[in-house]
Structures are given as C-alpha cells and as structure tokens.
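First listed ligand is number 1; within each ligand, the first listed atom is number 1.
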Amino acid sequence: MAKSGRKASFASLDKHRKRLAETPMRVQFAIDPNRFKRYSAAAGDLLLDYSKNRIDEDVMAALFDLARAAGVEERRTQMCEGEHINITEDRAVMHMALRYQGDKPVPVDGKDVMPDIRAVLAHIESYTNDVRNGVIRSHTNEQITDVVNIGIGGSDLGPAMLTLALEPYTRADLRAHYVSNVDGAHIHDTLKRLKPQTTMFIIASKTFTTDETMTNAASARKWIADALGDAAVSDHFAAVSTNIEACKGFGIREDRIFGFWDWVGGRYSIWSAIGLPVALAVGYENFAKILKGADAMDQHFLTTPLEQNLPVILGLLGVWYRNVWGFSTQAVIPYDQRLSRLPAYLQQLDMESNGKSVTLGGKAVGWSTGAIVWGEPGTNGQHAFFQLIHQGTDVIPTDFLIAAKPHESLPPHHDKLVANVLAQSEALMLGKTEEEVVSELKARGLDKAKIKELAPHKVFPGNRPSNTLFYPQLTPEMLGSLVAMYEHKVFVQGVIWNINSYDQWGVELGKQLAKALLPKVKGEASSDGHDSSTKGLLGYYLSHKG
Ligand code: F6P
C-alpha cells in the first residue's frame with residue numbers, strides 16, 4: 001500500500017468518525033439488541049467483547065479493508081516463512097517457532113530450526129526437574145530454595161510477569177526472584193533475605209553485554225564467592241543467551257548454558273530459554289502448557305478470517321483510535337491481581353516495537369504510530385486514576401481482562417471483582433447525562449440552586465471505549481494465548497503503520513551517552529563538552545555524593 005493510500009484510508013475513516021460522533025454508543029446499544037453478538041469474537045475459550053467501542057458495521061468493514069490493503073495477510077505469511085522482515089537488523093522474526101506444536105519443519109535461512117528448539121526445551125526440562133527434585137544441588141550439597149533471575153527488558157519483564165501470574169502453580173519451597181535495575185538497591189534488597197548456600201542465579205541476556213545485567217551479575221558472583229569461595233560460582237550460576245562464548249567467559253558451566261537465536265527479539269523471547277526461571281518456579285509441564293496456549297493463539301491468528309481474528313480486531317481498533325480519533329494512550333486493566341505486571345510487560349512489547357517514526361523505506365511517517373500503553377490492576381485503579389478515565393478531557397481506550405473462575409475459594413471476592421469490571425465498562429460506555437443527574441439529585445431532595453451548582457460536576461460524558469477479554473481461568477495455557485494475542489496485535493499495527501516493529505534503535509543513544517558520562521560521574525574526567533544543564537547536574541552530584 002502506497003504512503004498516499006494509507007493517508008487516504010485514514011481520511012476516509014475520518015468521515016466515519018464524523019458520522020459516528022452523532023450516535024454515541026448508548027444510542028447504538030438501544031437501537032441494536034444484537035450489538036454484543038455482532039461485536040464479539042472468540043479464540044477457543046477466550047472471549048473478546050468489543051461491542052463497547054465507537055464502531056458500527058461500516059467502520060469495521062473499512063478497518064478490515066485497511067488491513068487487507070496494508071498487506072497484513074501477506075506480511076503474516078512472510079513472517080512465518082522466515083523472511084527477514086526485521087530489515088534494519090537483517091533478521092527473520094520467528095518467535096512463533098519457539099512454541100510451534102506441529103511436526104512440520106520450520107526453516108530459517110535454509111535450516112529447520114525445530115530440532116535445536118526441541119533440544120533446548122529438553123535441556124530446560126531436565127535441568128528444571130533436577131533442580132526441583134534436588135538432584136542438582138548447591139555447592140554445599142543443599143536443595144536450591146531460591147532462584148534469582150538477573151536480566152532486564154525482555155530478559156526480565158516476561159518471566160517476571162508469568163511467574164507472578166502463575167503463583168497457584170508454584171511451590172512454597174522454591175521461590176523465583178527478579179533483579180533488573182542497575183540501582184544497587186534492587187539486588188541488595190533481593191539478596192537481603194536469601195542464603196548463598198541455597199540460591200541459584202540465572203544470568204539472562206540475549207547479548208550478554210547489557211550493562212545493567214553484567215553489573216548485577218558481577219555483584220551476584222561476588223556475593224557467592226565471598227560466602228562460599230570462588231569454586232562455588234560454577235555450582236550457583238546458569239545463563240541464557242545467544243552469546244555462548246561470553247557465558248563461558250563468565251565462568252558458567254557449559255551444561256548450564258541455555259542458548260537461543262538472533263531471530264528471537266528480546267521482547268518476544270519468553271517462549272525461549274528466557275522462560276527458564278518460570279519453568280523452575282512452576283514446573284516444566286506448566287511451562288510447556290504456556291507454549292501450547294501460545295501456539296493455539298498462533299493458529300487462530302494464522303487461519304481465522306480477519307473479521308473474527310482477535311489480534312486483528314484489537315490491532316484495528318487501536319489504529320482507529322490512534323489515527324482517526326487522535327487518542328494517544330491505551331490502558332490495560334487486568335481485573336486479575338496476578339496480572340499486575342502485564343501492563344509493564346506490554347509497555348515493552350508494544351512501545352519498543354511500535355514507538356517508531358520512520359517507515360520501512362526510511363521516510364518520516366505521515367501518521368501517528370504506537371500508543372502509550374499503561375495500566376494497573378482493577379479494582380485498585382478505580383481508586384486511583386479512573387476519575388480521569390471517566391471524566392477527564394482525554395479519552396483512553398481501555399482493555400479489561402477478567403477470569404470467570406478464580407483459583408481460590410474465597411466467596412464473595414470474585415463475584416465482587418466481576419461486578420466491578422462489568423460496572424466500569426458499562427459506566428464508561430453509558431456515562432450519565434445531565435437530565436439523569438438532575439433527576440437523581442431531585443430524588444435526593446436537593447433544592448434547585450444546589451442541583452444547578454452540583455449537576456455539571458456529576459455528569460459523565462460516556463461513549464468511552466473499552467474491550468473486555470473474558471477467560472475461564474488464568475491457566476498456563478490461557479496466559480500463553482493472551483500474551484501471543486498481544487504480540488500479534490502489535491504485529492498488525494506495525495504492518496498498518498508500515499514500520500519495523502522488530503528493531504529498537506531508540507534505546508541506543510542513552511546507552512552511548514551513559515557510557516561516555518560514567519568517567520565524569522566518577523570524577524575521573526572533566527565535564528567539558530556537555531550542555532550547561534548536564535554540567536550543572538554533574539556538579540551537584542559530585543559535590544553531594546560524599
Ligand atoms: O535496551 C533494550 C534492550 O535491547 C531490549 O530490547 C532487551 O529486551 C533488553 O535491552 C535486554 O537485552 P539483553 O537480553 O541483550 O540483555
């Protein structure tokens with residue numbers, strides 16, 4: 001699709017926006033009793049209700065036309081066939097192979113990658129079983145009780161999010177911890193309650209060069225060596241990386257190095273050995289179920305017509321709001337406390353992928369790209385920022401996630417949780433008109449003057465969009481499906497925006513400057529050559545660091 005074609009599509013969608021502005025959702029629901037049925041879709045047991053959006057059949061038809069014209073289907077095929085769709089790094093994008101459950105070969109650059117993937121999975125399985133069963137023990141011949149994953153970005157957020165989400169599947173005597181920040185407080189506070197004798201570290205880094213991870217790894221190594229001697233290091237460390245030589249250089253035993261491949265992006269790597277701490281925490285069989293659930297979503301994405309395809313629908317709705325309505329943020333609110341790290345995980349997945357401003361051809365895009373993704377679990381968010389979502393001047397499209405069945409038997413908690421999530425999307429859609437407010441206040445016996453004074457504050461504009469994702473229970477399979485669904489949503493949007501969703505050059509400049517600043521921060525070099533603000537801040541630091 002030509003650049004002008006995209007602009008023309010957005011312009012034609014703009015006519016639909018103007019038309020729909022006359023008919024808020026509450027009117028559309030009143031007119032059409034089948035709206036829920038018309039605008040819901042499912043992938044297996046996962047239900048997406050997208051009826052509470054500013055859409056009608058003409059809008060959806062125009063959006064599906066846009067997806068087709070932008071080449072979503074062709075690009076999807078190119079990705080599956082191992083084409084180097086990550087053009088700036090000249091790499092294939094093959095994370096789907098990591099969870100593929102079929103028996104066909106999956107070639108990347110002329111080689112079937114499935115035997116290597118299965119070999120690493122088998123390695124994860126045996127290592128995980130051995131640690132959990134006490135066959136692999138510590139240097140002091142004790143059972144491992146704590147696993148500390150050291151990594152950042154994609155080497156942290158995914159496994160940390162999954163481990164928290166799958167708490168019901170964990171064992172009380174084997175805990176997983178995650179250290180990411182170069183702020184020494186992070187590793188310090190994590191190790192404070194752990195015993196070197198029973199702690200195992202995993203150094204997780206695709207490149208094995210990331211400064212934060214290498215700095216934390218060195219501190220962890222020292223912690224073990226100080227307590228148990230240098231010889232203990234090889235018994236207390238494992239590594240996950242594409243850079244096998246660097247792992248060996250660190251002193252990791254060869255049979256404790258878990259490889260992956262450069263066709264897996266960091267933020268798409270939870271399905272690889274980056275999931276090792278998850279497998280240790282919940283058992284390999286549950287880790288395998290996560291992969292199975294993700295593969296089920298892949299098959300849905302690859303084979304379901306666009307009109308019923310969950311990632312496609314979510315991606316298109318995001319484009320509709322971003323490019324046509326001009327909404328710049330997207331909230332993700334899981335009514336599932338165990339998904340409390342999902343928004344942070346999705347921030348990297350979405351914003352590192354689609355926070356781009358040049359096209360695949362290297363020209364400035366003529367349209368907005370990735371939205372700002374944020375969120376917190378409900379019901380906590382209701383008592384914090386929901387005021388703005390309901391009555392603020394910005395419209396914030398929101399995804400709600402909720403399970404039908406909790407893992408714990410604690411009535412009436414879950415019914416209340418469900419009542420709240422349904423109430424929020426209903427309130428956002430309906431709003432409350434001035435007439436409704438006035439009649440409520442009248443019924444409460446307020447006089448005319450007081451009603452006039454209060455009414456404007458109590459009006460809710462409504463017509464605020466949301467999706468609800470309902471699933472039977474937060475199982476490993478469902479979690480895999482949910483994450484894969486969001487991965488594909490990001491893909492769909494990247495294709496429509498004609499950007500490369502698989503590189504991340506925008507993180508480089510800060511890294512370079514931090515490297516250059518370090519000697520100056522240490523007071524070993526002069527601050528010359530910097531702007532006055534950076535110089536001033538450096539000066540403040542040097543005079544206060546003590
Ligand atoms: O700096 C961004 C980034 O490259 C992410 O894309 C990646 O997930 C993270 O750093 C960690 O990288 P690595 O796994 O190579 O340490």
Side-chain angles (χ1 to χ4, degrees), residues 85-95 98 120 124 148-163 178-183 186-187 201-221 237-250 252 257-278 341-356 370 373 483 486-487 490-491 494 499-518:
I85 64 167
N86 176 358
I87 52 163
T88 62
E89 295 179 315
D90 194 18
R91 286 176 185 162
V93 173
M94 292 301 294
H95 48 274
L98 298 166
V120 173
I124 295 174
V148 180
N149 187 79
I150 295 182
I152 197 164
S155 302
D156 166 73
L157 288 163
M161 179 271 290
L162 293 183
T163 306
Y178 291 87
V179 170
S180 51
N181 203 324
V182 77
D183 183 344
H186 202 178
I187 189 157
F201 291 92
I202 299 170
I203 313 301
S205 174
K206 181 177 170 183
T207 53
F208 223 75
T209 56
T210 304
D211 192 41
E212 290 92 332
T213 300
M214 293 303 112
T215 305
N216 279 318
S219 298
R221 194 183 201 287
F237 281 82
V240 181
S241 185
T242 58
N243 188 349
I244 310 296
E245 287 312 309
C247 298
K248 286 188 202 160
F250 184 88
I252 314 267
I257 300 174
F258 298 80
F260 64 113
W261 306 274
D262 70 3
W263 41 261
V264 185
R267 54 193 174 275
Y268 296 87
S269 64
I270 50 169
W271 326 99
S272 71
I274 288 292
L276 180 64
V278 184
R341 292 298 284 162
L342 181 69
Y345 170 78
L346 293 179
Q347 276 176 339
Q348 187 198 14
L349 176 65
D350 200 317
M351 294 164 78
E352 198 166 80
S353 297
N354 285 342
K356 309 285 164 65
V373 177
V483 175
Y486 277 112
E487 283 182 349
V490 166
F491 167 86
I499 55 178
N500 182 1
S501 302
Y502 300 101
D503 60 12
Q504 57 283 320
W505 301 106
V507 301
E508 293 303 323
L509 179 59
K511 286 187 196 173
Q512 273 171 16
L513 295 187
K515 215 173 186 176
L517 273 161
L518 187 59

**Report entry** Donor-acceptor side-chain pairing of Asn354 and Ser501 below 3.5 angstrom
**Finding:** yes
Query raised in the report: Can you tell which of Lys511, Gln348, Lys206, Glu508 gets a heavy atom nearest to atom 7 (C) of ligand 1?
Result: Gln348
Report task. Could you find the nearest protein heavy atom to atom 15 (O) of ligand 1 and give me its residue, atom name and distance? Result -> Thr207 OG1, 2.6 Å
Query raised in the report: Is the side chain of Thr213 donor-acceptor paired with the backbone N or O of Thr209 at a distance under 3.5 Å, no angle test?
Result: no
Requested in this report: State whether the side chain of Asn149 and the backbone N or O of Ser155 hold a donor-acceptor pair below 3.5 Å, judged by distance alone.
Outcome: yes
**Report entry** Numbered atoms of ligand 1 (with element) below 4.0 Å of Ser205, judged on heavy atoms
**Finding:** 13 (P), 14 (O), 15 (O), 16 (O)
Report task. For the pair Lys356 and Asp503, find out whether any cationic side-chain nitrogen is under 4.0 Å from an anionic carboxylate oxygen. Result -> yes
Query - atom 8 (O) of ligand 1 [closest protein heavy-atom partner, distance rounded to 0.1 Å] - result: Gly154 N, 2.7 Å
Query - Inter-residue atom distance Ile187.CD1 - Ser180.OG, 0.5 Å rounding - result: 10.5 Å
**Report entry** Plane angle bin for Tyr268 and Tyr502 - parallel if under 30°, tilted between 30 and 60°, otherwise perpendicular
**Finding:** tilted
Query raised in the report: Which residue and non-hydrogen atom of the protein lie closest to atom 12 (O) of ligand 1, and at what distance in Å?
Result: Thr210 OG1, 3.5 Å
Query raised in the report: Relative to the heavy atoms of Val507, which atoms of ligand 1 are at a distance of less than 4.0 Å?
Result: 1 (O), 2 (C)
Query raised in the report: For atom 11 (C) of ligand 1, which protein heavy atom lies nearest, and how many Å away is it?
Result: Ile152 O, 3.2 Å
Report summary line: Check: of Met214, Arg267, Glu352, Glu212, min heavy-atom distance to atom 6 (O) of ligand 1 comes from Glu352
